[in-house]
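Everything quoted here is computed from the prediction, not taken from an experiment. Each chain gets a letter, A, B and so on, in the order its sequence line appears, and its residues count up from 1. All values below come from the heavy atoms of this structure, side chains included, with hydrogens, waters and symmetry mates left out.
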2 protein chains.
Amino acid sequence: MTNAFLLAQLGAYATGRFAERIGELGLTPPLTGMLRAIAATPAMSQQELAGHLGMPPSRLVAFLDDLEGRGLIERRQNPADRRQSALYATAHGTDTLRAVGDVSRAHDEDITAPLSPAERERLAALLGRIAAHHGLTEGVHPGYRTVRH
Amino acid sequence: MTNAFLLAQLGAYATGRFAERIGELGLTPPLTGMLRAIAATPAMSQQELAGHLGMPPSRLVAFLDDLEGRGLIERRQNPADRRQSALYATAHGTDTLRAVGDVSRAHDEDITAPLSPAERERLAALLGRIAAHHGLTEGVHPGYRTVRH
DNA sequence: TATTGTTATACTCTATAACTATA
DNA sequence: TATAGTTATAGAGTATAACAATA
């Protein structure tokens, strides 16, 4: 089996397992990624966030409605240009992100269970180089862009 | 970034790139995986194939219609039980699989470009152990099972 | 009655384009 | 006129359940 196939296979598996785990927090992978991005860069406009994640702005709306409805983020109207909303994570949002962090660590531990600590570091170094070589944005999952099958 | 996240990120990226490449052959990842499975185990019934790939049998039908319409596979009615069809790759199907193999090698070369041959081997060993630990079927991409986001 | 493959149906997710309110 | 965010719409992909043929 090629490395590329193993990456695709393990990636789909890891994504599915992660979705199950954060499902117990009432979240989904896209919501989690957005919450993370909003917390990391406060005051982004929706256009900016859409560009960062690589998705059409219209697709963002329902996700943000969802996050806002749960009190995880808020949209504040930009006074300088009232067409724009500035996005912020709420206190509840950052608390939730901490819980997501715990889940992520447990998930990583589960996925890499058969490897020693040294092997995990070596793996991270190899994967990191591949990701950098292909220009993948740190922390942004390409699942936001549609891949038709 | 955790190994699990890097795997998910790179997996989605690799899957997308592969889809683009085999798109030039007029194929998609699910069609390719099915053709491979049918060629690897001739005379499977549709139920057996569905079980192997982890998808509902009803979902198989349209894909098989497509493959059969292109002359890549054929359904032969099983004389012992005329409800069942036995699946076979045609000569054109196995030819196409050879072309897919060429594409896969080029794709793998592209994905692992920044790594030396020794590093590629080490990566394959690490990934193979993870896949085995989680009981992933050799050569079967879990993308056949729906992951809701 | 049970099983194989097929079809019908309903649901989710998506991109595109039209819309509104502001500029 | 142009732009930010929103809504409408249509298309693709999916699982479930109903169906016809065969056992």
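Between B/R83 and C/dT3 there is no side-chain polar atom (N or O) within less than 4.0 angstrom of OP1 or OP2. Regarding contacts with the backbone of C/dG5, a side-chain N or O of B/Q47 is found under 4.0 angstrom from either OP1 or OP2. The phosphate of C/dA23 (OP1 or OP2) has no side-chain N or O of A/Q84 nearer than 4.0 angstrom. Using a 4.0 Å cut-off, no side-chain N or O of B/Q77 falls inside it from OP1 or OP2 of D/dA21. In this structure, A/R82 reaches the C/dA23 phosphate: one of its side-chain N or O atoms is under 4.0 Å from OP1 or OP2. Distances shown here put a side-chain N or O of B/S85 below 4.0 Å from the OP1 or OP2 atom of C/dG5. Phosphate proximity of C/dT6 to B/R75: present, with a side-chain N or O under 4.0 Å from OP1 or OP2. The side chain of B/R59 contributes no N or O atom lying less than 4.0 Å from OP1 or OP2 of C/dA8.
Between the side chain of B/S58 and the base of D/dT16, a donor-acceptor pair under 3.5 Å is found.
Protein atom CE of B/M55 is 15 Å distant from nucleotide atom C1' of C/dG5, rounded to whole Å. As rounded to whole Å, 15 Å separates atom C1' of C/dT7 from atom CG of B/L64. Atom P of nucleotide C/dT4 and atom CD of B/E48 are separated by 9 Å, given to the nearest angstrom. With rounding to whole Å, A/F63 atom CZ is found 15 Å from D/dT6 atom C1'. When the C1' atom of D/dA21 is taken as reference, atom CD of B/Q46 falls 14 Å away, rounded to whole Å.
For the pair B/L72 and B/T94, the minimum side-chain heavy-atom distance is 4.5 Å or more.
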A/S45 and A/Q84: CA distance, side-chain angles, deciding distance, side-chain contact (heavy atoms from CB on, under 4.5 Å) verdict: CA-CA 6 Å; A/S45 73; A/Q84 294 185 30; 3.8 Å; yes
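The environment of B/E20 atom CD is dense: over 12 non-hydrogen atoms of other residues, nucleotides or ligands sit within 6.0 angstrom.
Looking at the side chain of B/S45, the nearest of the listed nucleotides C/dG5, C/dT14, C/dT16 is C/dG5. In the set D/dA15, C/dG5, C/dT6, the nucleotide with an atom closest to the side chain of B/P56 is D/dA15.
Ion pairing of B/R70 with B/D66 is present here, as a side-chain N (NZ or NE/NH1/NH2) and a carboxylate O approach within less than 4.0 Å.
Mapping A/A62 and A/D81 onto DNA chain D via the closest heavy atom, the residue that lands nearer the 5' end is A/D81.
Remark: side-chain polar atoms of A/Q46 are not paired, donor with acceptor, to backbone N or O of A/A86 under 3.5 angstrom.
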